Amino acid sequence: MSDGAGDGAGDGAGDGTGDGAGGGAAFEPRDERARRIAKVDALRAAGTDPYPVRFDRTHTAAEMHEQWDGIEDGSETTHEVRVAGRLLLKRSQGKLTFGTLRDGTGTIQLFVSRAEVGDSVHGAFDDLDLGDWIGVSGTVMKTRKGELSVKLRDFVLLAKALRPLPEKWHGLTDVDTRFRQRYVDLIANDDARRVFAIRFDVVATIRRLLVEQGFVEVETPVLHEQAGGAAAKPFETYHNALDTPLVLRIALELHLKRLLVGGMERVFEIGRVFRNEGLSTRHNTEFTMLEAYQAFADYTDMMTLTETLVTECARVCIGGTTVEVDGTTIDLSAPWPRRPMLDLIEEHSGQRVHPTMPVEELERVLDGLDVDHKPGWDSGQLILELYEKLVEPKITAPVFVCDYPRSVSPLARVHREDPALVERFEAVVFGRELANAFSELNDPIDQLGRFEDQAKLAAAGDEEAHGVDADYVRALEYGLPPCGGLGIGIDRLVMLIAGVTTIREVILFPHLRPEAGHDEPTEVEGGDNS
RNA sequence: GGGCCGCUAGCUCAAUCUGGCAGAGCAACGGGCUUUUAACCCGGAGGUUCAGGGUUCGAUUCCCUGGCGGCCCA
């Protein structure tokens, strides 16, 4: 990249239109870039490396504030510091220049007096561009207005920026650019940095809590021979050397439970899963799941675990369990109500339904409530549709929705009190599924039957249903201890805690269509292949 | 997949409704300024108005097609 930029310097500075016909030309701020490249050339000609190798600093911005925010306004100290960061703002007053430097911890002001540093250093500082990375040395002071500053003695350019920063007040707001060029978004938008800081804290907090509770973190394959563990359409790929079709995983579940068969009593994985479905404000092509499995536990233990994980993440990340999403305030503090799905449906519709009811009767119930359904759905699917249409969107505060119809939950064990149901819950907050958990099915014969039911659906054209995972059944035949399993969508949890409404705000590089202007990549290769 | 909306200077936005020389702020450039905080003051620049086609004497504006994005729905 730097070579290309160097080569382009002459052209760009020369007439600025030499490569104007190129597909990417619309993205080049040519004039500004050419000026900055000329500065790089001038620096090199003067013997200064615009991209030197390293810099030793003594303090971060945050450390400086922590140590010296208390000093008197207008006071100067003899404390020597070396700080480094990106120059964000410059306020030149002739013989005195103020700069705003930002590092990974915050900002610190630079105070550059011509009388102190001399014409040469002051001139070089004024010649910096916003966006440049610099390292500075100087002493700690505070201005008359009370701004903690480094009184600069000298500085070194650490990396020259060739492209201008977005507007300093409004920042970068174009959504497309923010996602495609997340690096610029992170430079320009405090909120982007805030949201991702929350994301990193959420993941770290979950790891800490689970490890504290005796869970072992594992890594299982992303490439599977057989999709399973969720109802979703997988991405298909191909292993050339093995001459085998493979799919990208849609869930972590089946491998983690194999590990419980192997005797690992508490395991978890935080991993990427891939689902080949449409994009929306709540769906990204790839997203991050936490799944945790605990031997000798059931789904009620998973409810407690869910409450612990979610409330502790909120406390760590935002200092409390009250979050605000889209103008609605939600209290996440435990305990959360535990409500059977069939009761909730009755409350919201006045209709008492049950999976043992004849399909025709359930269809009449849905018709009467104006809920669409498809021919061929069984009673479980009809009831789930009732719930998803009439109940889920109305839930705001956290609720554990418990006890799902058996036919829509092929990996959950039959309910201890009602064989038409399974011991499963989803934690629902703000109308969205946050967690999904079961008392896991560990009867291999029952599991095989459920897989066969799914295989029939798949054979009938259901792209989200999958066939029999024979190795998984074989594993169960060695004995899976009774266990509870929990899945939490990390992205959705971060959305909730950060108070954002689209999943793309919590994914660093969300999936987008290819950028315009970078199309027709095969043209250069010579189009002799079909 | 459907409906609606958007795309104008590096960035943030006007002008579009009702067709008539495309503007401002920031950034950049020149000048001034030794305690600024989005510094300020003065000056001069900067445009494939997403792309292609159509209507028109004339299109950023109206129409069509396409691209990318957003919101809502499926």
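Chain identifiers are assigned alphabetically (A, B, ...) following the order of the sequence lines, protein sequences preceding nucleic acid strands; residue numbering begins at 1 within each chain. All of these numbers come straight from a predicted model, not from anything done at the bench. Just the heavy atoms: all of them, side chains too, but no hydrogens, waters or symmetry mates, feed the values below.
For the P atoms, the distance linking B:rC50 with B:rU12 amounts to 14 Å, nearest Å. Distance check on atom P: B:rC62 versus B:rC5 gives 12 Å, rounded to whole Å. B:rA45 and B:rG10 have their C1' atoms separated by 14 Å, with the value rounded to a whole Å. Spacing of P atoms, B:rA24 relative to B:rG46, comes out at 12 Å, to the nearest Å. Annotation: B:rC4 and B:rG47 have their P atoms spaced 36 Å apart (nearest Å). Taking atom P on both nucleotides, B:rU49 is separated from B:rC42 by 31 Å, rounded to a whole Å. As rounded to the nearest Å, B:rC63 and B:rA39 have P atoms that lie 42 Å from one another. A gap of 14 Å separates the C1' atoms of B:rU16 and B:rG23, to the nearest Å.
When both distances must be under 3.5 Å, the Watson-Crick or G-U wobble mate of B:rG19 does not exist. In this structure, B:rC4 and B:rG70 make a Watson-Crick or G-U wobble pair, each of the two defining distances being under 3.5 angstrom. B:rG52 and B:rC64 make up a base pair, with Watson-Crick or G-U wobble contacts both under 3.5 Å.
Taking 4.0 Å as the cut-off between side-chain N and carboxylate O, A:Glu360 and A:Arg364 do not count as a salt-bridged pair. A salt bridge links A:Lys160 with A:Asp129: at least one charged nitrogen is closer than 4.0 Å to a carboxylate oxygen. Salt-bridge annotation for A:Asp176 and A:Arg180: present, with a side-chain N of the basic residue lying under 4.0 Å from a carboxylate O of the acidic one.
Among the nucleotides B:rC71, B:rA39, B:rG70, the one closest to any side-chain atom of A:Arg504 is B:rG70. In the set B:rU35, B:rC71, B:rC11, B:rC11 carries the atom at the smallest distance from any side-chain atom of A:Pro166. Proximity note for A:Phe179 (side chain, C-beta onward) versus B:rA38, B:rG70, B:rU35: the nearest is B:rG70. In the set B:rA28, B:rC11, B:rC29, the nucleotide with an atom closest to the side chain of A:Leu172 is B:rC11. Checking B:rU35, B:rU37, B:rA28 against every side-chain atom of A:Arg35, the shortest atom distance belongs to B:rA28. The side chain of A:Thr173 has B:rC13 as its nearest neighbour among B:rC13, B:rU35, B:rU37.
If you look at A:Phe98 and A:Phe111, their ring centroids are closer than 6.0 Å.
An OP1 or OP2 oxygen of B:rA38 is reached within less than 4.0 angstrom by no side-chain nitrogen or oxygen of A:Arg91. One finds a side-chain N or O of A:Arg180 lying less than 4.0 angstrom from the OP1 or OP2 phosphate oxygen of B:rG69. The side chain of A:Ser113 places no N or O atom within less than 4.0 Å of a non-bridging phosphate oxygen (OP1 or OP2) of B:rU34. Using a 4.0 Å cut-off, no side-chain N or O of A:Ser92 falls inside it from OP1 or OP2 of B:rU34. Between A:Lys168 and B:rA28, a side-chain N or O to OP1/OP2 separation shorter than 4.0 Å is absent.
Not a single donor-acceptor pair, N or O on each side, falls under 3.5 Å between the base of B:rU34 and the side chain of A:Gln93.
Nucleic acid contact for A:Gly74: none, since no nucleic acid atom lies under 4.0 Å from a heavy atom of the residue. The residue A:Thr97 sits apart from the nucleic acid: no heavy atom pair falls under 4.0 Å. Heavy atoms of A:Ala115 sit under 4.0 angstrom from at least one base atom.
Between the NE2 atom of A:His170 and the P atom of B:rA38 there is a distance of 13 Å, rounded to whole Å. Taking atom CG of A:Asp372 as the reference point, atom C1' of B:rG2 lies 15 Å away to the nearest angstrom. When rounded to the nearest whole Å, the span between CG of A:Leu89 and C1' of B:rG25 equals 15 Å. Per the geometry, CH2 belonging to A:Trp169 stands 11 Å off C1' belonging to B:rU37, to the nearest Å. Taking atom CD1 on A:Ile503 and atom P on B:rC71, their separation rounds to 12 Å, with Å as the unit. We find that CG of A:Asp126 is positioned 14 Å from C1' of B:rG31, with the value rounded to whole Å. One atom, CD of A:Glu167, and another, C1' of B:rG46, lie 16 Å apart when rounded to the nearest Å. With rounding to whole Å, A:Leu279 atom CG is found 9 Å from B:rG69 atom P.
Judged by the 6.0 Å distance and 45° axis criteria, A:Arg275 is not positioned over the aromatic ring of A:Phe287. Remark: A:Arg424 is positioned above the aromatic ring of A:Tyr404, its terminal NZ or CZ atom under 6.0 angstrom from the ring centre and at most 45 degrees off the axis.
Residues A:Leu130 and A:Lys90 each lie close to RNA chain B; by heavy-atom proximity, the contact nearer the 5' end of the strand is made by A:Leu130. Between A:Asp129 and A:Glu116, the residue anchored closer to the 5' end of RNA chain B is A:Asp129, taking for each the nucleotide with the nearest heavy atom.
A:Arg249 places a side-chain N or O within donor-acceptor distance of the main-chain N or O of A:Arg272, the cut-off being under 3.5 Å.
Considering A:Arg57, A:Glu63, A:His59 in turn, A:His59 is the only one that fulfils the side chain to side chain contact (heavy atoms under 4.5 Å, CB included) rule with A:Val83.
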